[in-house]
Amino acid sequence: MSAHELPKGYEPEEVEKRWYAYWETEGLFAADDVSGKAPYSIVIPPPNVTGALHMGHAHNNTLQDILCRYHRMKGYNVLWMPGTDHAGIATQNVVEKELAKEGTDRHALGREGFIQRVWQWREEYGGLIIRQLRRLGASCDWERERFTMDEGLSKAVRTVFVALHEQGLIYRGNYIINWCPRCQTALSDIEVDHEDHNGHLYHVRYPFEEGDGGIIVATTRPETMLGDTAVAVNPNDERYQGREGNTVILPLMNRSIPIIFDEYVDMKFGTGALKITPAHDPHDFEIGRRHNLDSIKVIGGDGHMTEEAGRFQGKDRFECREEVIEALKEEGLLEKVEPYQHSVGHCYRCRNTVEPYLSKQWFVKVKPLAEQAIAAVERGDTRIIPDTWTKTYYEWMNNIKDWCISRQIWWGHRIPAWTCENCDELLVAMEAPAKCPACEGGTLAQETDVLDTWFSSALWPFSTMGWPEKTQTLETFYPTSVLVTGFDILFFWVARMMMMGLHFMDDVPFRDVYIHALVLDAEGKKMSKSKGNVIDPLFVIDQYGADAFRFTLAALAAQGRDIKLSEDRIEGYRHFINKLWNAARFALMHVSDFEPDVSAQDVRHFSLADRWILSRLNTLTETVTVGLDEYKFNDSANALYQFVWHEFCDWYLEIIKPVLYGRPGKTAGDDESGEMPEVGHYETTRFVLWSILNQTLRLLHPFIPFVAEEIWEKLPGTEGSIMKAEFPATSKEKHDPDAERIMQVLMGVVSGVRNIRGEMNVPPSLLVEVTVQSGDKEVRELIEQRRDTIVNLCKAKTLEVMPLGERPRSCATSVSGNAIMFVSLEGVIDFELELGRLNKEINKITKELNGIDKKLNNEDFLEKAPQEVVEKVREKGQKLTEKRSRLEENLEKVSQAAGNA
RNA sequence: AGGCACGUAGCUCAGGGGGAGAGCGCUACCCUGACACGGUAGAAGUCGCGAGUUCAAAUCUCGCCGUGCCUACCA
């Protein structure tokens with residue numbers, strides 16, 4: 001195989017491996033900290049180290065890669081910062097599961113040993129997703145890869161923690177938080193997923209301590225009653241007037257608890273009386289504080305009942321619920337049970353039911369940070385795209401609650417706080433203090449909690465660039481140009497990066513936030529292992545190639561709409577890659593010995609087709625560029641598809657074949673002089689073919705880098721990687737409306753004849769006699785000049801061009817513009833068929849004309865519509881009327897002929 | 001409960017005040033020297049329903065119906 005030939009079929013696997021290695025070793029992904037070029041930077045949403053590449057990653061990173069490759073070609077100094085997240089709970093869970101398989105657990109290893117084990121796990125498996133991103137073609141600057149637990153990033157975390165603490169924005173305290181009894185840790189509010197659950201509402205009577213009767217309370221979680229410290233009613237509730245301060249007996253516990261009045265209680269809900277469990281419900285906690293109630297913890301961190309639960313001690317919380325219900329029944333205190341649907345919180349990592357739980361935790365006071373983050377978006381410092389998400393962002397930021405950042409797990413950034421065992425002084429510092437500054441002595445015990453994973457993620461845009469040092473990287477690349485992410489982590493991550501970036505860098509972390517859609521299965525359901533509907537990106541890449549996959553994702557990435565992905569779609573786009581490949585193969589057969597010399601081109605030699613395709617290419621360039629600039633990846637991809645397949649392959653290549661292969665009486669390469677060569681000039685055609693392919697490949701590269709590079713290498717006159725080539729620019733001069741208009745006429749004639757052939761069942765091998773009539777001299781000349789092309793494209797034996805006149809015998813007709821095509825079907829014409837065809841066409845036109853007439857008879861329209869619109873409608877009406885009358889003439893003739901036959 | 005999307009050809013969707021579009025699928029014919037992962041042609045839609053604004057509505061506004069998602073949750 002010579003330097004300029006392509007094998008018959010495209011083999012992605014080998015090509016992808018070869019080019020990726022080349023790009024990487026040549027350092028083509030590397031960003032420069034110092035550069036004369038304008039910076040363009042993106043930080044990758046760091047995938048969890050535990051993760052394997054899934055569709056979401058593939059989609060997200062494909063879009064980022066397209067942007068990076070596009071901007072590199074545009075001449076930017078591009079930094080795509082890669083890395084992974086330590087994913088506290090998720091990773092700890094994975095390693096714990098591994099330990100369980102070995103019949104041991106983390107407690108057996110101890111904290112140090114366990115952490116060591118997790119690092120070991122990361123060494124072994126943590127690089128998986130990074131390797132998989134390479135298969136996709138991701139052009140990250142791998143030299144700069146970061147990990148949220150790196151030394152540098154850990155230092156950033158401690159710095160931020162200490163600063164926020166000093167500023168009074170981090171505090172510690174006893175509050176009700178969300179607790180996962182399985183993971184044995186606190187969770188923030190957004191780490192809890194709420195799901196509707198069919199439960200029951202239990203009505204329980206709490207007898208008055210004095211006198212008969214009692215108060216009936218309603219609850220969905222009867223087991224918490226063991227920790228009740230009051231019953232609350234609304235002060236305006238007539239049923240309970242004068243009861244304030246009275247006491248009731250808490251059933252099963254035989255404890256006397258007060259009746260309190262609180263506005264919070266809704267008289268109409270349930271029984272209008274509310275049992276108060278300050279240790280196990282956030283609202284009860286608030287009420288408890290208002291009324292100075294005790295908090296009694298009856299459920300422990302492990303989800304089992306504590307000793308405070310009396311005889312229920314040690315029971316699992318759900319088991320206890322059943323037993324409490326039984327016990328209440330026995331005592332005759334269970335008044336009623338009704339079915340009740342309510343939502344139940346689940347741990348976003350392990351799906352277990354989350355427990356509201358009173359404990360001492362660390363919090364970030366986010367209101368002041370959120371205010372800055374809101375203002376920055378309002379000022380337009382950061383743009384959220386599509387705009388609809390801006391509202392969601394504000395909504396959340398405006399209702400933000402303090403962020404619980406402490407986690408009772410081992411894997412993560414340990415909170416830099418120490419308590420003096422001597423005097424109980426709490427110290428927050430970068431490093432362990434030597435001694436207690438308060439009492440000058442004592443042993444200092446470090447806080448055992450670690451930080452929420454999202455705490456370190458929040459710093460990602462600047463921690464990865466070396467903060468808190470003042471690095472050149474930060475100087476050059478912060479703020480980043482765009483963050484590309486899914487909406488599912490808008491709150492977890494985007495919002496928090498905004499807050500931290502503004503607070504510590506004094507500038508937003510990114511200029512644009514592009515929020516893309518979710519990738520769903522073909523039925524529109526979320527892909528999940530349990531549903532068994534996941535499509536594995538690696539499988540797709542193996543099967544169809546990375547380029548086909550990437551192109552599919554880009555083509556389906558319409559803003560604001562989820563992607564329903566199926567293998568069929570990917571296969572369809574693989575066909576596109578194949579089409580491109582073969583078009584290139586064809587082109588290379590003819591330009592392999594071609595030495596492009598742009599300056600030598602003589603405009604006079606450009607044929608109509610040349611001018612047309614160059615003009616179309618210019619429009620394509622415009623569309624692709626605008627699409628990429630506006631994050632409308634699908635617009636760009638679809639325009640490329642349309643151009644390559646239907647304009648370049650279907651028309652241009654077919655038109656120039658005779659020029660390249662030579663025609664009867666003329667040899668390929670014959671120099672046809674003249675102002676307007678009828679088909680094309682050999683050398684000019686080769687040049688145009690070459691330059692269309694050249695430019696199209698550059699437009700395609702961001703989307704399908706591998707195959708574009710492979711063809712680029714074979715294309716003569718290209719030097720070095722396509723990654724270093726310039727992205728094509730548009731120019732107004734290349735727009736050639738004349739050529740496009742004339743081409744329309746030509747295409748109309750060809751399509752008309754082909755239509756007759758197809759519908760009249762003329763075998764493709766049969767050459768037909770074609771007559772074209774037109775009252776327009778210019779049109780006749782145009783057709784005459786390009787007769788070779790027309791003859792070739794519609795498989796004509798002869799082509800006669802003449803003014804309007806006598807209709808040839810035994811033929812089928814078609815009208816396009818002001819040209820009428822007659823296809824002679826002597827002996828083979830099926831009159832019935834032709835009559836049907838003409839009638840169909842006439843009906844269609846009549847329908848359209850009805851609408852147009854209606855408009856033209858409407859005085860308001862003529863008066864109020866813009867002149868050009870009226871003119872356009874009028875013209876169209878004329879054209880259609882003319883066309884219809886031609887067809888009607890033909891219809892008449894055909895019926896006559898049919899009658900005679 | 002509130003919010004946000006979406007409802008256009010059999011399927012997946014683009015478009016977004018003046019001519020209903022694409023891809024896949026389907027039908028017919030064709031291995032024509034880049035490609036059968038191909039070519040040519042064709043069939044197919046009251047643009048969810050109802051009102052309003054406008055000379056003109058698939059497109060803008062409102063209401064309704066349906067679907068999906070998000071947020072918040074009163075025991």
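Keep in mind it's a predicted model, so treat the numbers as computed, not measured. We name chains A, B, ... by the order of the sequence lines, and we start the count at 1 in each one.
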*Step through it carefully: locate the ring centre of A:Tyr641, locate the ring centre of A:Tyr573, and say whether they are under 6.0 Å apart.*
yes

*P spacing across the pair B:rC69 / B:rC13, given as an integer number of angstrom*: 14 Å

*Spell out, as yes or no, whether a donor-acceptor pair under 3.5 Å connects the side chain of A:Arg569 to the backbone of A:Thr552.*
no

*Taking OP1 and OP2 of B:rA43, is either one under 4.0 Å from a side-chain nitrogen or oxygen of A:Lys840?*
yes

*Using the P atom on both, measure B:rA58 against B:rC24 and round to a whole Å.*
29 Å

*Within the distance-only criterion (no hydrogens, no angle test), does the side chain of A:Thr229 pair as donor or acceptor with the backbone N or O of A:Leu293 below 3.5 angstrom?*
no

*Examine A:Lys854 relative to A:Phe861 and say whether NZ or CZ is less than 6.0 Å from the centre of the six-membered ring and inside a 45° cone about the ring axis.*
no

*Interatomic distance at C1', B:rA75 relative to B:rC4, whole Å*: 30 Å

*Roughly how far apart, to the nearest Å, are B:rA20 and B:rU59 at atom C1'?*
12 Å

*asked:* From C-beta outward on A:Arg574, which listed nucleotide comes closest to its side chain: B:rG18, B:rC37, B:rC69?
replied: B:rC37

*Answer yes or no: side-chain N or O of A:Lys579 and base N or O of B:rC35 forming a donor-acceptor pair under 3.5 Å.*
yes

*What is the distance from OH of A:Tyr10 to C1' of B:rC37, rounded to the nearest Å?*
14 Å

*If pairing requires Watson-Crick or G-U wobble contacts with both distances under 3.5 Å, which nucleotide is the partner of B:rA51?*
B:rU61

*Can you tell me, in whole Å, how much space there is between the C1' of B:rC65 and that of B:rC26?*
32 Å

*Whole-Å distance between B:rC69 C1' and A:Trp389 CH2?*
8 Å

*Pair assignment for B:rU27, Watson-Crick or G-U wobble, requiring both distances under 3.5 Å*: B:rA41

*Pick base, sugar-phosphate or nothing for A:Lys854, based on heavy-atom distances below 4.0 Å to the nucleic acid.*
nothing

*Assign A:Lys657 to base, sugar-phosphate, or nothing according to its heavy-atom contacts below 4.0 angstrom with the strands shown.*
base

*Please give, in whole Å, the distance from B:rA72 P to A:Met397 CE?*
14 Å

*With both distances kept under 3.5 Å, what pairs with B:rC69, Watson-Crick or G-U wobble?*
B:rG3

*Show your reasoning for whether side chain to side chain donor-acceptor pair (under 3.5 Å) applies to A:Asp228 and A:Thr277.*
CA-CA 4 Å; A:Asp228 282 1; A:Thr277 323; 2.6 Å; yes

*Considering only atom P, compute the distance from B:rC47 to B:rG19 and round it to an integer number of Å.*
14 Å

_Determine whether the aromatic ring centres of residues A:Trp389 and A:Tyr393 are separated by less than 6.0 angstrom._
no

*asked:* Rounding to an integer number of angstrom, what distance separates B:rG17 and B:rC70 when you compare their P atoms?
replied: 31 Å

_d(OH, A:Tyr348; C1', B:rU71) in whole Å_ = 18 Å

*Counting side-chain heavy atoms from CB outward, which of B:rC55, B:rA75, B:rA14 is closest to A:Lys864?*
B:rC55

_Whole-Å distance separating the CD atom of A:Glu223 from the P atom of B:rA75_ = 14 Å

*Select one nucleotide: of B:rC4, B:rG18, B:rG23, the one nearest the side-chain heavy atoms of A:Pro866.*
B:rG18

*Which of the following nucleotides, B:rA75, B:rG18, B:rC73, is nearest to the side chain of A:Asp266?*
B:rA75

*When rounded to the nearest Å, what value does the distance between C1' atoms of B:rG48 and B:rG68 take?*
15 Å

*asked:* Could you check whether the side chain of A:Ser343 and the base of B:rC73 have a donor-acceptor pair of N or O atoms closer than 3.5 Å, going by distance alone?
replied: yes

*Ignoring backbone atoms, test whether A:His342 places a side-chain nitrogen or oxygen under 4.0 Å from the OP1 or OP2 oxygen of B:rC73.*
no

